[in-house]
Amino acid sequence: MNPFDLSGRVAIVTGGNGGIGLGMARGLARAGARIVVAGRNAAKNQAAVAELETLGPGAIGIEVDLSREDDCRSLVARGVEAFGRLDILVNNAGIALRKPPQDYTSAEWHRVLDTNLTSAFLCSHAAYPHMKAAGGGKIVSIGSILSLMGAPFAVAYAASKGGLVQMTRALATAWAADNIQVNAILPGWIDTDLTRSARVEVDGLDARVRSRTPCGRWGTPNDFEAIAVLLGGPGSQFITGAAIPVDGGYTIQA
């Protein structure tokens with residue numbers, strides 16, 4: 001058995017039309033998986049699908065708003081309907097709101113948590129019966145180094161990502177008997193549309209990231225291809241409940 005062969009498998013990647021999500025989708029497609037790209041922007045979905053179809057056996061895009069419970073459940077149902085099964089779920093969809101915590105409204109707080117954390121639970125909840133019936137599956141949720149560290153400008157984001165890690169551990173223990181492995185990836189500072197705006201909004205961020213990161217650079221979405229294949233495939237059968245930083249060493253520095 002090739003531990004990195006995903007031939008015949010189907011993956012749903014939320015937020016898979018750009019950034020880290022698309023990077024992971026590329027890796028999964030290259031390894032042989034068919035991909036369901038989920039995102040709010042239909043044009044970006046289709047652009048991602050067109051690229052992924054050149055790399056793997058097939059892909060479709062589904063336009064969804066994952067802050068809505070009905071869309072989370074519909075996504076899984078439509079993905080299974082399209083490809084006949086579900087083996088891998090990547091919970092990557094997320095938003096950030098950068099402002100001092102005292103300036104948040106209740107609506108802003110709930111919007112971030114609903115998109116980043118609640119959607120991951122609802123998609124996992126919807127995926128579970130399909131994975132159990134198939135004899136197993138893989139769930140990978142995208143946390144953040146802010147799951148581990150504090151940041152004064154991102155309290156809701158940090159809370160949602162910290163919650164994802166604890167949810168990952170709880171689901172891993174709950175579903176281990178069903179041969180479902182549940183893990184989290186904790187990205188560091190990655191060059192995406194989301195962080196490009198952060199470099200404008202947070203004074204000195206770029207220089208601070210480069211000086212603190214032992215690798216001396218920002219990460220790229222392609223840095224997530226290999227770990228997506230590892231955690232999405234048979235090579236990770238004995239890895240569950242883990243939260244793995246992919247941060248160029250940022251969190252190991254004092």
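Numbers for residues simply follow the sequence, beginning at 1. FYI, side chains are in, hydrogens and waters are out, and symmetry mates aren't considered; it's all heavy atoms of this structure. Note that the coordinates shown come from a computational prediction; the quantities given were computed from them, not determined experimentally.
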**OP:** Hey, could you give me the OG1/CD1 distance between Thr213 and Ile145, rounded to the nearest 0.5 Å?
**Re:** 7.5 Å
**OP:** Quick one: closest heavy-atom pair of Val229 and Phe4, and the distance?
**Re:** CG1-O, 3.6 Å
Original post:
Ile227, Val140: one ILVMFWY side-chain cluster at the under-4.5 Å cut-off?
Top reply: yes
**OP:** Keeping the roles fixed (side chain from Lys161, backbone from Ile142), state whether a donor-acceptor pair exists under 3.5 Å.
**Re:** yes
Could you pull out every donor-acceptor pair under 3.5 Å between side chains of residues 118-129 and any protein atom, sequence neighbours left out?
residue: Ser119; atom: OG; partner: Thr115; partner atom: O; Å: 2.5
residue: Ser124; atom: OG; partner: Asn91; partner atom: ND2; Å: 3.2
residue: Ser124; atom: OG; partner: Ala120; partner atom: O; Å: 2.7
residue: His125; atom: ND1; partner: Arg73; partner atom: NH1; Å: 3.1
residue: Tyr128; atom: OH; partner: Asp178; partner atom: OD2; Å: 2.7

Subject >> Nearest-0.5 Å distance, OG of residue Ser160 to CG of residue Leu146 >> reply: 9.0 Å
Please list every donor-acceptor pair under 3.5 Å in which a side-chain atom of residues 244-254 meets a protein atom from a residue at least two apart or in another chain.
residue: Asp247; atom: OD1; partner: Gly249; partner atom: N; Å: 2.9
residue: Asp247; atom: OD2; partner: Thr251; partner atom: N; Å: 3.0
residue: Asp247; atom: OD2; partner: Thr251; partner atom: OG1; Å: 2.6
residue: Gln253; atom: NE2; partner: Arg212; partner atom: O; Å: 3.0

**OP:** Taking Asp71 for its side chain and Val64 for its backbone only, find out whether a donor-acceptor pair lies under 3.5 Å.
**Re:** no
Original post:
Once you round to the nearest 0.5 Å, how far does CZ of Arg78 lie from CD1 of Ile12?
Top reply: 10.5 Å
Identify all side-chain donor-acceptor contacts of residues 50-58 below 3.5 Å with residues at least two apart in sequence or on another chain.
residue: Glu51; atom: OE2; partner: Arg26; partner atom: NE; Å: 2.5
residue: Thr54; atom: OG1; partner: Glu51; partner atom: O; Å: 2.6

Original post:
Taking all non-hydrogen atoms of both residues, which atom of Ala59 and which atom of Val49 are closest, and how far apart?
Top reply: O-CG1, 3.5 Å
Original post:
If we only count heavy atoms from C-beta on, is the Phe224 to Ile190 side-chain gap below 4.5 Å?
Top reply: yes
Original post:
What do the steps show when you test Val13 against Val37 for side chain to side chain contact (heavy atoms under 4.5 Å, CB included), and what is the final call?
Top reply: CA-CA 5 Å; Val13 184; Val37 173; 5.8 Å; no
Subject >> Lys99, NZ atom: more than 12 neighbouring heavy atoms under 6.0 Å >> reply: yes
Original post:
So which heavy atom on Leu164 is nearest to which on Ser141, and how close?
Top reply: CD2-CB, 4.0 Å
Subject >> Neighbour count >12 (heavy atoms, 6.0 Å) for atom CZ, Arg111 >> reply: no
**OP:** Mind checking the CG-CD spacing from Leu113 to Glu108? Nearest 0.5 Å is all I need.
**Re:** 12.5 Å
Subject >> Between CG on residue Asn116 and OG on residue Ser67, distance to nearest 0.5 Å >> reply: 10.5 Å
**OP:** Output, in order, the C-alpha distance, side-chain angles, deciding distance and verdict of side chain to side chain contact (heavy atoms under 4.5 Å, CB included) for Trp175 and Thr240.
**Re:** CA-CA 10 Å; Trp175 294 344; Thr240 197; over 6 Å; no
Original post:
Run the side-chain hydrogen bond (donor to acceptor under 3.5 Å, both in side chains) check on Asp206 and Trp189 step by step: do they pass?
Top reply: CA-CA 9 Å; Asp206 182 63; Trp189 292 102; over 6 Å; no
Original post:
Between atom CZ of Arg208 and atom CG of Asp203, what is the distance when rounded to the nearest 0.5 Å?
Top reply: 8.5 Å
Subject >> Heavy-atom donor-acceptor pair, Asn179 side chain to Gly135 backbone, under 3.5 Å >> reply: yes
Subject >> Path from Ile88 to Met131 over hydrophobic side-chain contacts below 4.5 Å >> reply: no
Original post:
Do Val182 and Met167 have side chains that get closer than 4.5 Å, going by heavy atoms?
Top reply: no
**OP:** Report whether Val76 and Phe83 are members of the same hydrophobic cluster (ILVMFWY, side-chain heavy atoms less than 4.5 Å apart, transitive linking).
**Re:** yes
Original post:
With a 4.5 Å heavy-atom cut-off, do Ile20 and Ile185 have their side chains touching?
Top reply: no
**OP:** May I ask whether Leu171 and Ile180 are part of the same hydrophobic cluster, defined by side-chain heavy atoms of I, L, V, M, F, W, Y residues being less than 4.5 angstrom apart, directly or through others?
**Re:** yes
Subject >> pair Gln181-Ile239: side-chain heavy atoms closer than 4.5 Å >> reply: no
Original post:
Quick one: are Pro221 and Leu22 in side-chain contact, heavy atoms under 4.5 Å?
Top reply: no
Original post:
Checking salt bridge (charged side-chain N to carboxylate O under 4.0 Å, His left out) for the pair Asp193/Arg196: CA distance, chi angles, key distance, verdict?
Top reply: CA-CA 5 Å; Asp193 290 342; Arg196 285 177 202 131; 2.6 Å; yes
Subject >> Sidechain-backbone polar pair: Thr14 side chain, Ala38 backbone, donor-acceptor under 3.5 Å >> reply: no
Original post:
Is there side-chain contact between Leu97 and Tyr104, with heavy atoms separated by less than 4.5 Å?
Top reply: yes
Subject >> Heavy-atom side-chain contact between Arg217 and Asp223 under 4.5 Å >> reply: yes
Original post:
Considering all heavy atoms of both residues, which atom of Ala48 and which atom of Gly16 are nearest to each other, and what is their separation?
Top reply: CB-O, 4.0 Å
Subject >> Minimal non-hydrogen separation, Leu186 against Gly143, with atom names >> reply: CD2-CA, 3.9 Å
Original post:
Between Val36 and Leu75, is a side chain to side chain contact (heavy atoms under 4.5 Å, CB included) present by the stated rule, with each step listed?
Top reply: CA-CA 9 Å; Val36 178; Leu75 166 65; 4.1 Å; yes
Subject >> Donor-acceptor contact present, side-chain Asn45 to main-chain Gly39, <3.5 Å >> reply: yes
Subject >> Asp103 atom CG: more than 12 heavy-atom contacts under 6.0 Å >> reply: yes
Original post:
Do Leu28 and Leu89 belong together in a cluster built from hydrophobic side chains that touch within less than 4.5 Å?
Top reply: no
Original post:
Are side-chain heavy atoms of Lys138 and Asp87 found at a separation under 4.5 Å?
Top reply: no
**OP:** Examine the side chains of Asp5 and Ser7 and answer whether a donor and an acceptor come within less than 3.5 Å of each other.
**Re:** yes
